[in-house]
Amino acid sequence: MEYAFRNIERKWQENWKASNAYKVSNESTKPKFYVLDMFPYPSGAGLHVGHPLGYIASDVFSRYKRLKGFNVLHPMGYDSFGLPAEQYAIEHGIPPAVSTDQNIATFRSQLDKIGFCYDWEREVRTSDQEYYKWTQWIFLQLFDSWMDRKLQKARRISELMANFEVEGNAANPCPGEKNLFFTAAAWLAFSDKRKAEILMQYRLAFCGIGEVNWCEALGTVLANDEVINGVSERGGHPVVKKKLRQWYLRITEYAERLLAGLQTVDFSESMKDMQSNWIGKSFGAEIDFELDLVDAPAEGKKLKVYTTRPDTIFGIDFMVIAPEHELVASITAAEQSTDVSSYIDYVNSRSERERMAEKKITGVFSGTYCKHPFVDRKIPVWISEYVLAGYGTGAIMAVPCGDERDFKFANHFNIPITNIIGSFYDGTEANPTKEAKLENSGFLNGLLMSDAIAVALDKLEGLGIGKRHTNYKMRDAAFSRQRYWGEPFPIVWKDDVAIPLSSAELPIVLPPMTDLRPGPDAQGPLANLPEWAAYEGGTREVNTMPGYAGSSWYFLRYMDPNNTDAFCSREASDYWGQVDLYIGGTEHAVGHLLYSRMWTKALFDLGYIGFDEPFKRLVNQGKIGGDSRLVYRIRGTKQFVSAGLKDQHETDELHVDVSMVDGLDLDMEAFRKWKPDFAEATFITEDGVYKCGSRLEKMSKRYFNVVNPDDIVERYGADTFRMYEMFLGPVEQDKPWDTKGIEGVHRFMKKLWRLFFDVEKGAVLTDATASDAAWKAFYKMVKKVEEDTARFSFNTAVSSFMIGVNDLTDLHCHSKDLLAKFLVVLAPYAPHIAEELWAVMGQSGSVLDASYPAVEEKYLLETSKEYPVAINGKTRTTLNLDINASQADVEALVLVDPIVMKWLEGKPPKKIIYVKNKMINVVLG
RNA sequence: GCCUCGGUGGUGGAAUUGGUAGACACGCAGGACUUAAAAUCCUGUUCGCCGAAAAAGCGAGUGCGGGUUCGAUUCCCGCCCGAGGCACCA
């Protein structure tokens with residue numbers, strides 16, 4: 001009987017489906033375990049062999065946990081809102097809802113073939129009304145919340161209003177408009193509209209004016225990655241910054257908690273680093289400098305700068321403010337006004353891309369000076385684009401001897417440089433050290449810079465001219481898109497005031513549209529439906545939410561997917577709690593992962609869930625690269641030359657479909673039939689074989705190197721495919737796909753099969769118990785597989801299976817008692833064959849719910865060990881010793897060993913090192 | 001420039017705590033079975049030296065150069081290369 005994997009896999013997939021084998025209940029006495037995959041965006045291209053890597057890893061782990069007695073939640077769904085479907089609709093006239101459904105059907109059939117243990121009754125689709133109803137609902141909660149900075153906790157807007165009525169906003173400074181202060185009396189006197197404006201400045205989901213990439217030719221707003229070098233990726237049209245009303249999430253209010261929370265989760269160092277770099281926390285001071293105005297109109301104003309190095313305050317040679325700084329106009333001296341306005345024009349003419357691409361040193365003197373607080377020195381104020389308006393205060397104090405950018409600027413404009421660090425500064429480049437002793441620094445003289453920071457801060461605070469201040473690089477997250485295929489906002493505009501709709505009205509259904517042209521005035525396509533937008537004397541918000549809205553909370557919906565009264569019941573989220581294991585790619589490091597962490601914290605603050613970090617552990621699977629095949633056409637001909645001979649000709653390199661190549665050998669007939677262009681191709685071969693070139697690159701349609709998992713499953717079976725993906729290398733590592741290598745795993749499956757069946761004789765199972773040697777080989781394998789699975793070292797677990805099967809084959813082990821246990825250990829990796837053989841053996845129930853065999857240590861006990869014997873650290877021989885041998889026993893035996901004696905040449909050894917259970921090392925004199 | 005992770009045979013990779021470097025596979029070479037093929041099985045396979053060959057032996061060897069140690073792929077110092085992320089953030 002042969003290993004008929006196609007029949008076996010089809011049979012069990014149908015069987016498991018019919019018996020609801022993967023249904024997960026929220027009621028269980030077992031401990032819970034939640035394993036989550038990053039759900040896919042259902043693109044039109046379908047899955048290639050790289051995509052399921054993480055899914056297989058999580059599937060193996062889920063099944064392993066189930067066998068170990070856990071109630072395992074392992075769901076799957078689709079992140080089905082997004083740009084590509086909308087683009088596809090514009091180009092092909094197929095509505096996003098339709099193409100998305102088609103794509104999901106394709107994904108589902110591909111996933112099903114691999115035999116995952118998903119509970120499909122819990123599937124979520126972010127574009128489903130029943131799902132996005134709750135996305136809209138959570139948006140309303142964010143809209144109705146503000147961050148109480150003292151409590152570091154989101155609270156309801158009503159509580160904020162109550163507070164304003166009693167004490168104004170003194171205790172709760174405005175995060176949106178930093179200079180806004182009012183008393184309780186003032187608050188009560190404000191108009192309703194003014195009150196709404198002020199509250200908007202506090203809300204966690206808020207509307208403001210922001211810059212977007214506007215492309216006039218396409219009539220649309222583009223995302224940053226759709227803009228390449230200042231022009232649109234599609235069509236190459238110019239893109240300008242345009243100010244538009246936009247929705248935002250006030251994620252900056254969570255900066256501190258997002259940073260602190262990283263210490264409580266098990267993410268890779270690089271992942272944590274990426275997030276903390278993105279948050280970009282820095283400590284420093286805001287310092288006010290008095291302006292010494294010549295004839296400019298900024299009477300009484302001060303220049304506020306942000307610095308992380310207040311210790312260098314005596315090294316200030318000039319100030320720089322951003323061209324967008326609010327003081328630019330008012331501090332410009334009359335004689336400089338022409339220069340300043342032409343500089344501002346120049347800056348405005350440059351796109352952000354240009355500014356980033358060519359970092360020229362540019363700037364202009366404003367004509368105004370500042371007073372130094374401690375020395376009698378006039379400090380010129382310059383305007384330059386190297387200072388960013390959006391960070392800190394948009395103004396800096398420049399210390400050229402300690403800062404590279406300031407140094408270059410000073411050099412370029414011939415500004416004299418003050419040295420405050422003595423020999424640490426050599427006049428040719430800035431030195432950003434903190435280790436120097438300060439000179440020329442008044443009250444800081446003689447102090448180590450790192451110590452002087454606190455001294456300077458105390459002094460500045462004492463004088464009331466400076467304040468300790470923490471800054472973050474992170475910006476609030478833009479939350480609206482001028483697009484169709486996303487969640488509509490549950491917001492209506494009346495008299496420029498945003499009014500939230502009541503949750504009873506949810507979902508706000510996305511109206512069907514076929515023509516997805518952008519609306520007027522840079523609005524989304526929904527603006528073209530005035531009858532939809534009209535709402536009781538107001539107008540609906542016509543922009544939609546971004547792709548990350550739905551994915552910021554989907555892991556909660558899986559816990560309670562059919563709840564019509566809540567996004568997820570508190571009982572369900574209390575039961576399942578945090579995601580214990582989250583597997584996905586690194587591309588979501590700062591987007592999805594930060595947003596979902598923020599949403600979780602907000603829902604926690606508002607009391608809807610009981611945990612404030614969503615993912616306890618994150619594993620990032622690597623990417624599987626494609627192994628491309630190349631052919632070489634002799635320029636200007638239809639003749640192709642084999643790779644080994646290509647250097648003798650002038651050739652052009654072309655990608656050829658990997659399915660027409662066996663190893664490196666091209667199927668020349670298939671190639672001629674591939675494209676009409678190649679019908680008359682002729683070949684210069686090497687001994688009749690055309691050898692292709694190869695290159696590792698991204699798996700992509702355009703390189704013809706995409707391998708479809710369907711084909712692999714058809715040829716080798718799902719179990720082989722699963723095991724091979726795991727065998728390829730560490731999950732977290734990038735690695736190339738090599739279809740040839742799968743043969744080895746497939747051979748292993750067949751070899752395993754032969755422990756149960758002989759081709760001619762049929763079943764070869766015996767009732768006799770296995771030999772001690774077989775048990776030993778088996779438990780050695782179980783121990784290793786279990787350890788490796790638990791630490792996500794799936795590749796070494798697969799090789800342990802191979803070693804185990806090789807050993808059991810050599811030992812002719814066909815014992816039922818042993819092999820039944822074997823199947824349980826194998827089931828997470830290769831569930832179909834395990835279930836089939838389990839049934840064949842007449843075991844009761846399903847192998848999915850068997851219990852994981854405990855390692856019987858008695859079979860693993862050793863009485864002796866083959867010790868390596870090294871001479872001066874280099875292994876020269878081995879010696880079989882009793883496991884309890886003493887140092888004296890060992891020395892006696894080692895000294896009479898012929899090989900050791902040869903090396904000793906009659907002289908006594910200097911030392912004999914014996915490490916029990918490890919090795920022996922003889923050190924020569 | 002800064003941060004993180006990597007660099008081991010022809011290839012993917014293993015070596016979990018400083019203890020036999022190259023497990024397990026792929027590929028390749030040779031062989032058995034077969035009319036033949038497939039399938040299966042067996043043997044060999046880091047490089048170099050010695051040798052007719054085999055066995056045995058010797059030398060080198062985990063990106064490079066140093067160091068610590070009886071012993072280093074593993075720890076320390078200094079470089080080189082690759083991947084990813086950030087990037088005028090004061």
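Here is the naming used below: chain letters follow the sequence lines, and residue numbers restart at 1 for every chain.
With hydrogens and angles left out, the side-chain atoms of A/N471 and A/S282 include no donor and acceptor closer than 3.5 Å. Looking at A/S628 and A/N705, their side chains do bring a donor and an acceptor atom within 3.5 Å of each other.
Among B/C86, B/A15, B/A90, the nucleotide with an atom closest to any side-chain atom of A/R791 is B/A15. With B/A90, B/A21, B/C3 as the candidates, the nucleotide lying closest to the side chain of A/D273 is B/C3. Residue A/M919 places its side chain closer to B/G19 than to any other of B/G19, B/C58, B/C86. In the set B/A90, B/G59, B/C70, B/C70 carries the atom at the smallest distance from any side-chain atom of A/N921. Side-chain atoms of A/S282 lie closest to B/A90 of the nucleotides B/U4, B/A90, B/A39. Listed nucleotides B/U4, B/G85, B/C58 differ in distance to A/M274; the shortest reach to its side chain belongs to B/G85.
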task = Could you go through the ring-ring contact (aromatic ring centres under 6.0 Å, His included) check for A/H372 and A/F314 one step at a time?
result = CA-CA 8 Å; A/H372 195 286; A/F314 288 90; 5.6 Å; yes
inquiry  = Apply salt bridge (Lys or Arg N to Asp or Glu O under 4.0 Å) to residues A/K750 and A/E2 and explain how you reach the verdict.
reply    = CA-CA 8 Å; A/K750 286 189 283 194; A/E2 290 202 329; over 6 Å; no
request  = Just do the salt bridge (Lys or Arg N to Asp or Glu O under 4.0 Å) check on A/E256 and A/K281 with the steps written out, would you?
outcome  = CA-CA 8 Å; A/E256 196 54 50; A/K281 183 178 186 174; 2.8 Å; yes
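Counting any heavy atom pair closer than 4.0 Å across all strands shown, A/L728 reaches sugar-phosphate atoms only and no base atom. No contact: A/S793 has no heavy atom under 4.0 Å from any strand. Using a 4.0 Å heavy-atom distance criterion, A/K735 is classed as a sugar-phosphate-only contact. Within the 4.0 angstrom heavy-atom criterion, no nucleotide atom of any strand lies near A/E404. Using a 4.0 Å heavy-atom cutoff across all strands shown, A/E732 reaches no nucleic acid atom at all. Within the 4.0 angstrom heavy-atom criterion, no nucleotide atom of any strand lies near A/W753.
The C1' atoms of B/U17 and B/U73 are separated by 15 Å, rounded to the nearest whole Å. Taking the C1' atom of each, B/U8 and B/A72 are spaced 14 Å apart, rounded to whole Å. Nucleotides B/G13 and B/A55 place their C1' atoms 31 Å apart, quoted to the nearest Å. Comparing the same atom, C1', in B/U46 and in B/G9 gives a spacing of 5 Å after rounding to whole Å. For the P atom pair drawn from B/A29 and B/G18, the interatomic distance equals 42 Å after rounding to whole Å. Using atom C1' as the reference point in both B/G1 and B/G10, the two lie 38 Å apart (nearest Å). Nucleotides B/U68 and B/C77 place their P atoms 15 Å apart, quoted to the nearest Å. B/G59 and B/C50 have their P atoms separated by 15 Å, with the value rounded to a whole Å.
Using a 4.0 Å cut-off between a side-chain N of Lys or Arg and a carboxylate O of Asp or Glu, A/K740 and A/D738 do not qualify as a salt bridge.
The pairing partner recorded for B/U73 is none, the criterion being a Watson-Crick or G-U wobble arrangement whose two distances lie under 3.5 angstrom. Nucleotide B/C58 is matched to B/G48 when pairs are restricted to Watson-Crick or G-U wobble geometry with both distances under 3.5 angstrom. Across all strands shown, nothing is found opposite B/A87 as a Watson-Crick or G-U wobble partner with both distances under 3.5 Å. The partner of B/U35 is absent, by the rule that a Watson-Crick or G-U pair needs both atom distances under 3.5 Å. The partner of B/A23 cannot be assigned: no Watson-Crick or G-U wobble pair with both contacts below 3.5 Å exists in any strand. Pairing for B/A29 is with B/U43, a Watson-Crick or G-U wobble pair whose two hydrogen-bonding atom distances lie under 3.5 Å. Pairing partner, B/U17: none, since no Watson-Crick or wobble contact has both distances short of 3.5 Å.
Taking the nucleotide of RNA chain B with the nearest heavy atom to each of A/S270 and A/M397, the more 5' of the two is matched to A/S270. In terms of position along RNA chain B, the nucleotide closest to A/E2 lies nearer the 5' end than the nucleotide closest to the other residue of the pair A/R876 and A/E2.
Taking atom NZ of A/K911 as the reference point, atom C1' of B/G19 lies 15 Å away to the nearest angstrom. In this structure, the CD atom of A/E587 is 18 Å from the P atom of B/A83, given to the nearest Å. Separating the OH atom of A/Y3 from the P atom of B/U40 is a distance of 13 Å, rounded to the nearest angstrom. The distance from atom CG of A/L752 to atom C1' of B/A39 is 17 Å, rounded to the nearest whole Å. As rounded to whole Å, 16 Å separates atom P of B/G19 from atom NZ of A/K874. As rounded to whole Å, 23 Å separates atom P of B/A83 from atom CD of A/E269. What separates CD of A/E324 from C1' of B/C88 is a distance of 13 Å, to the nearest Å. Between the C1' atom of B/G12 and the CG atom of A/D734 lies a distance of 14 Å, rounded to the nearest Å.
With hydrogens and angles ignored, no donor-acceptor pair under 3.5 angstrom links the side chain of A/N277 to the base of B/C86. Evaluation of atom-type donor-acceptor distances gives a pair under 3.5 Å for the side chain of A/K784 against the base of B/U16.
Ring planes of A/H746 and A/F5: perpendicular class, angle over 60° (limits at 30 and 60°). Below 30°, between 30° and 60°, or above 60°: for A/W753 and A/Y3 the angle between ring planes is between 30° and 60°, a tilted geometry. Ring pair A/Y548/A/Y595 is parallel by interplanar angle, where below 30° counts as parallel and above 60° as perpendicular.
Listed pair A/Y867 / B/U20 fails the phosphate criterion, with no side-chain N or O lying under 4.0 Å from OP1 or OP2. Under 4.0 angstrom from either OP1 or OP2 of B/C88 there lies no side-chain N or O belonging to A/S384. Under 4.0 angstrom from either OP1 or OP2 of B/G13 there lies at least one side-chain N or O belonging to A/Q733.
Looking only at distances, no side-chain donor or acceptor of A/S384 sits under 3.5 Å from a matching main-chain atom of A/V320.
Glycosidic conformation of B/G10 is anti; the angle lies outside 90° of 0.
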task = Determine, for nucleotides 22-34 of chain B in 5'-to-3' order, which nucleotides have protein heavy atoms under 4.0 Å from the base (write B), from only the sugar-phosphate (write S), or from neither (write -).
result = -BBSSS-------
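For the pair A/K865 and A/Y867, the cation-pi test (distance below 6.0 Å, angle within 45°) is passed.
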